[in-house]
Amino acid sequence: MASGAEARRQRDAAVVASLQVVLLAAFAVLARYDSSADPRGGAPHDALGPRYPIFQDVHVMIFVGFGFLMTFLRKYGYSSVSFNMLVGTLTVQWAIIVRGLFELEEDSKIHVSLTSLLSADLATAAVLISMGAVLGKTTPLQLILMSFIEIVIATANEYLGVQIFKAVDAGASMFVHVFGAYFGLAVSLVLGHGARIRKGEGNALEGASYTSDLFAMLGTMFLWMFWPSFNGALVEADAQHRAVINTYLSLASCCAVAFVLSALLSHDNKFDMVHIQNATLAGGVAVGTGADMLLQPWGALAVGAAAGALSVFGYARLQPFLLSRLRLHDTCGVHNLHGMPGLLAGAVGALAAGLASPEAYGGAAALAKAFPARAASAAALAGNATAAAALDGAGRAAGAQAGYQLLALAVTLAVACVGGLVTGFILKLPFLNGVSRDYWFSDEYHWEVPSENHSHKLENGNEQEDTKTETLYDSQLHI
Amino acid sequence: MASGAEARRQRDAAVVASLQVVLLAAFAVLARYDSSADPRGGAPHDALGPRYPIFQDVHVMIFVGFGFLMTFLRKYGYSSVSFNMLVGTLTVQWAIIVRGLFELEEDSKIHVSLTSLLSADLATAAVLISMGAVLGKTTPLQLILMSFIEIVIATANEYLGVQIFKAVDAGASMFVHVFGAYFGLAVSLVLGHGARIRKGEGNALEGASYTSDLFAMLGTMFLWMFWPSFNGALVEADAQHRAVINTYLSLASCCAVAFVLSALLSHDNKFDMVHIQNATLAGGVAVGTGADMLLQPWGALAVGAAAGALSVFGYARLQPFLLSRLRLHDTCGVHNLHGMPGLLAGAVGALAAGLASPEAYGGAAALAKAFPARAASAAALAGNATAAAALDGAGRAAGAQAGYQLLALAVTLAVACVGGLVTGFILKLPFLNGVSRDYWFSDEYHWEVPSENHSHKLENGNEQEDTKTETLYDSQLHI
Amino acid sequence: MASGAEARRQRDAAVVASLQVVLLAAFAVLARYDSSADPRGGAPHDALGPRYPIFQDVHVMIFVGFGFLMTFLRKYGYSSVSFNMLVGTLTVQWAIIVRGLFELEEDSKIHVSLTSLLSADLATAAVLISMGAVLGKTTPLQLILMSFIEIVIATANEYLGVQIFKAVDAGASMFVHVFGAYFGLAVSLVLGHGARIRKGEGNALEGASYTSDLFAMLGTMFLWMFWPSFNGALVEADAQHRAVINTYLSLASCCAVAFVLSALLSHDNKFDMVHIQNATLAGGVAVGTGADMLLQPWGALAVGAAAGALSVFGYARLQPFLLSRLRLHDTCGVHNLHGMPGLLAGAVGALAAGLASPEAYGGAAALAKAFPARAASAAALAGNATAAAALDGAGRAAGAQAGYQLLALAVTLAVACVGGLVTGFILKLPFLNGVSRDYWFSDEYHWEVPSENHSHKLENGNEQEDTKTETLYDSQLHI
């Protein structure tokens, strides 16, 4: 094995170790238990509350859902699930710090609670989506640096959207899905992956195997099942109940439509596992922004159906086009699962916000709870001056709220693209040593991989094959 | 590829799309948010309540549990988990509509709530059980049509059992497991699958591979672990607590006995993965009807032990007999996991109902809560005329309740068999184009399957094998 | 097949059946529903309470987490996940009885509740850890007998630690992890497994395959994700909230450090799947004893980082040393994942206990709740004589509590080693017929394993390979 590769791996490990030391120091200086986790805080018997199972559902989505969904590559399973875990564990720590700094408490400390962990998990989703665009073509260190930059930009963008524009986005389809997808696509574009993939040559490892497809379906299923928890994680009461119902229904119709479109757009009109693994989930993204709004059950079904069709169309038609024309390579097709359905989500959210009336929400107070910026005007509509005075806010009309929703969407798209482009140039710096083209989509760049033939040795008494693999592996090494 | 197969797949996709449109229209006309999911409904802070995690457990059972349990077939993994998902997502929508129509609210609308989603998931279990009997031998469209018919009949049967006979069935062992199993077996019989399976010829794909067995064990484990949630999903308070304890214990003893019987009844006295994957779960079925009754811990263990033995006996002895004598083919052995243990559950439930006294239940009111039809007589037993007057009901004696339990069981069995026979004849209609015998248990009928040899290409530089597979595939096509 | 092996398997099955009968009889005589599961008990609407989802998380850890983590062996997947299930289901029943006898209620009955099931699951973890040390080299009956002995000793040791020494151990790192690891290691030592493993010869089956590594990662992920539930399962309010935060953070830094150390200590500076599958979890163990103490977020990160480093060091350096010098074989490396991190946990717990002051805990009452033995002294410190009188306890100073924590740790270590040695000699009794060295790490000893070549038959039309396997299998049989 070339000592150069070893030295680089040692160096990368040392950088990761340093980052962990920095995180530890940041926590030591900045972070304390929230009062609800402090014995002096007088927490009730069930301090964890009903949000804990929802947090665990989201946790499963982040670490098993995303992790195994990416194992669809036949020889990149170790890396997919493990780098997802590595990037995820560093990102959640960093997200607690960065998000905490944006909402620092009076004592200048970050107060860590279950909500911090849940928010950190949600923020991490954006990074893992970006990772999907560049999966198999980057080193863990590149992914980790991307994450550290992305979390800062994503948090700032979310702050802008939520605190300044007063946009709402219950399931984070704009601030997580759109942001993560276009950020990752911009990184991929700058890294020039698409340009280096020569059609028909040496892409043998980019596809799936029968077994890897089934592992990926496990990721799909856990994402699909627990998405109602994702979209309802940060809202409450009837809004949370609606988020669960809308997401469940949107995912149901999305799945059916994804099967239909897959059969209509695929070779020989058969189903395509790539579509089933991914496009069946687009309904969860597309209903995210409006998950807690008054879509009504049929509206949720309609959104899901549109998302399923849009996503399969993306995989079957748009993605090859983007690769050949824009040289844009997108390993997991995050544009089709998170990008376009996220844009749809933003539009649906704006539409539902534009239709929201105090009557439908049962009064000005409830409407103001759903759309904080509408507080005053809603109260005015109801002719209740006292309530209007008690609530601060822009006092927006429904149309204005819709406009701000679209503004937040457009700004998110722009910030993600620019942020991703800049990040891409940073990740391209020569000293970071990207993965050699010969090792794209191959675990062998970072792992000792057991020879498949080992398992047949006992039966065949044939060790020749083994040697062959080893030889190939060594001779191919010119990284 | 023959264009006939493509045309048929296109046609089937179009039918599925139409069904989704019909569902969307039905929701638009009939379904609205329940008041607990409506901002005008005054839902409390934790509107989702403690039932949400239980719903998610059931959700995992339906989509990962059933889905992966059926991946045991070595070359039908794509289809098993994906068709389970497709059928499941259409069925839950349809079940919300059909069940909603049976309990229409005053405003002639179906009120959609978390309970609707949970009930829809439970109803879907019946369809997925039926699917197990015909797995690998039917098209997705056949399965979907079966589902749409089955949900109507099953809901009507459950209405009859619960509302007319006033039978109780906490874990739905009668209304879901018995119904789903015998319905599916009747369909299989009519489709003539058993008669077409010629022993020792061309059944190479009916078995498992090492890897497919492990994927199936994932399904087994999630079913096994979350079954207490299934059996306790729709009851409350101490009854729910008992359902969890009884189911946990029944599954524990069932598992141990299944291993014992598997070793005693299998070749060379080794364990058989088919038994471990399935019979270990029979305790969850067998304790279902009486899950919330006063079985006591030892009673739950006894029920589980009996179920484990019965189920392994079914797999090892009865199933081959039914195939050779009745020409009844049952891919997943649903008769052994759901059918017979479900009958046992009905008997256990009747027995426990027959032994239920006001004393054991701590009074007439509690007994009436457990067995609604016993309201009056229980109150009378307690000599409390006021309570008797306040509660309506048949005022049944314990023995009568036991009788009605058995009546509901018998009627369920009969309705399932007749309904399944009729449905089988419908699915046999020529224009539905069943799966050619050559493609039974093969994903290749509906999927582009990656050649296993692909993954060795890099090592071997050998692409001949690939071509061979493709050739075989084309030449075999005479569907 | 030699009839001797069959006869032995029949005999073992009969013994397991007898044990199940004994368990059933024990439950019949001793166990009743707890009042919270009895209709006469007046249980509230949500009798299951917020602990039920936490119980289910732990349940998943025990049956999917441990079960699939052990499937890393390439040809022992059936046995790993199935024997985990078999041993687990018998152990939980036995643990309910044994633990119930240690805390018998006034009516001389064991009161079965959700807490019983949860405690039984936690106790079972110790047995499954021990099983990890001897995995692949023992029969199911040996494992089951080990379990029945181990549960008695472990429960007695825990009683000593908790009731007599008044040590606290929220995540059971001492009473479950340290105990289970050293008990299993002692059994392995006595069984002489290490001495019989000749380096470089016939160990072909001890490693992983690409697929088996991915199945194992599923176990890893579910353990990693749900560990906060494990460590917080038996505490409440702010203590439970802290347990979740501390465990989440400890596992995050542990994971990052495990990757770093794996790259630094492995061949060619690549990552090693064994480290990623196991050492990433050590943070959950190491933070267990002090999980509910005031570690602060940075303290939890520090503990996790130390545990990750310690665990990888164990796998990469110490384990080979122990095998070559002490002839100690440890299939899953439980010493590195549970043993040493558990000792670290005990030390961290003692340190945090030694630093615990009434001020930090917000008063004497809160401190006494966290450390029952400090009740009186804490009250005295606060100058509250009435409270001191109302609370019984040793009235320990902080330093004394730290000392008792270390005493409990040392005693646990000693009891586990001695108990394991004795148990090892019992399991070595000739009539138990251990697994022949030729069948170590092979499912074929206990299962009909489908030939891998079956799946290629259709493509190759080649059945010769099949026969070869069968022949080899028969000729190798001299057990």
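Model, not experiment: these values are computed from the prediction.
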Under 3.5 Å donor-acceptor, Lys270(C) side chain and Glu444(A) backbone: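 It does hold such a pair.
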Arg9(A) (side chain) donor-acceptor with Asp268(C) (main chain) under 3.5 angstrom: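 Here the side-chain-to-backbone pair exists.
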Quick one: which of [options] has the most heavy-atom pairs under 4.5 Å with chain C, could you say?
| options | value |
| --- | --- |
| Ala37(A), Ala25(A), Ala31(A) | Ala37(A) |
| Leu30(A), Asp38(A), Val16(A) | Asp38(A) |
| Leu117(A), Asp443(A), Asp12(A) | Leu117(A) |
| Val21(A), Val81(A), Val60(A) | Val60(A) |

Considering non-hydrogen atoms only, spot the tightest contact between [X] and [Y] and give its length.
| X | Y | value |
| --- | --- | --- |
| Ile245(C) | Val112(A) | CD1-O, 3.4 Å |
| Tyr52(A) | Asp57(C) | CE2-OD2, 4.1 Å |
| Ala13(A) | Ala263(C) | CB-CB, 4.0 Å |
| Ala17(A) | Val260(C) | N-CG2, 3.7 Å |
| Met85(A) | Cys255(C) | CG-SG, 3.7 Å |

Below 4.5 Å from any heavy atom of chain A, which atoms of [X] appear? Answer side chain, backbone, both or neither.
| X | result |
| --- | --- |
| Ala258(C) | neither |
| Val244(C) | both |
| Asn246(C) | side chain |
| Ala305(C) | neither |
| Pro297(C) | both |
| Leu261(C) | neither |
| Leu294(C) | both |
| Leu295(C) | both |
| Tyr361(C) | both |

Ring centers of His241(C), Tyr33(A) separated by less than 6.0 Å: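 No: the rings miss the under 6.0 Å criterion.
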Give a yes or no on whether the ring-centroid distance for Phe215(C) and Phe215(A) is below 6.0 angstrom.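 Under 6.0 Å, so yes.
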Which atoms of [X] come close to chain C, meaning under 4.5 Å heavy atom to heavy atom: side chain ones, backbone ones, both, or neither?
| X | value |
| --- | --- |
| Asp121(A) | both |
| Leu90(A) | side chain |
| Asp34(A) | neither |
| Leu218(A) | side chain |
| Ile144(A) | neither |
| Gln10(A) | both |
| Pro140(A) | side chain |
| Ser113(A) | both |

Which pairs of donor and acceptor atoms, one on a side chain in residues 277-284 of chain C, lie under 3.5 Å apart (sequence neighbours left out)?
from      : atom 1 : to        : atom 2 : distance (Å)
Gln277(C) : NE2    : Asp213(C) : O      : 3.2
Gln277(C) : NE2    : Asp213(C) : OD1    : 2.8
Asn278(C) : OD1    : Tyr315(C) : OH     : 3.4
Asn278(C) : ND2    : Val274(C) : O      : 2.9
Thr280(C) : OG1    : Ile276(C) : O      : 2.6

Specify whether Phe55(A) and Tyr248(C) have parallel, tilted or perpendicular ring planes, treating 30° as the upper limit for parallel and 60° as the lower limit for perpendicular.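 It falls in the tilted class, 30° to 60°.
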Do [X] and [Y] have side-chain heavy atoms sitting under 4.5 Å apart?
| X | Y | value |
| --- | --- | --- |
| Tyr78(A) | Tyr210(C) | yes |
| Ser82(A) | Met273(C) | yes |
| Pro53(A) | Gln56(C) | no |

Say you draw a straight line from [atom1] of [X] to [atom2] of [Y]; how long is it, rounded to the nearest 0.5 Å?
| X | Y | atom1 | atom2 | value |
| --- | --- | --- | --- | --- |
| Ser262(C) | Trp447(A) | OG | CH2 | 7.0 Å |
| Gln20(A) | Cys254(C) | CD | SG | 10.0 Å |
| Arg40(A) | Glu359(C) | CZ | CD | 10.0 Å |
| Leu301(C) | Leu23(A) | CG | CG | 7.5 Å |

Mind ranking Pro50(C), Ala256(C), Gly362(C), Ser253(C) by heavy-atom pairs under 4.5 Å with chain A and telling me who comes out on top?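 Highest number of heavy-atom pairs under 4.5 Å: Ser253(C).
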Chain A: which of Lys369(C), Gln240(C), Glu236(C) shares the most heavy-atom pairs with it under 4.5 Å?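 Winner by heavy-atom pair count: Glu236(C).
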Quick check: under 4.5 Å, non-hydrogen atoms only, which of residues 221-230 of chain C neighbour chain A?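 Interface residues of residues 221-230 of chain C: Met221(C), Phe222(C), Trp224(C), Met225(C), Phe226(C), Pro228(C), Ser229(C).
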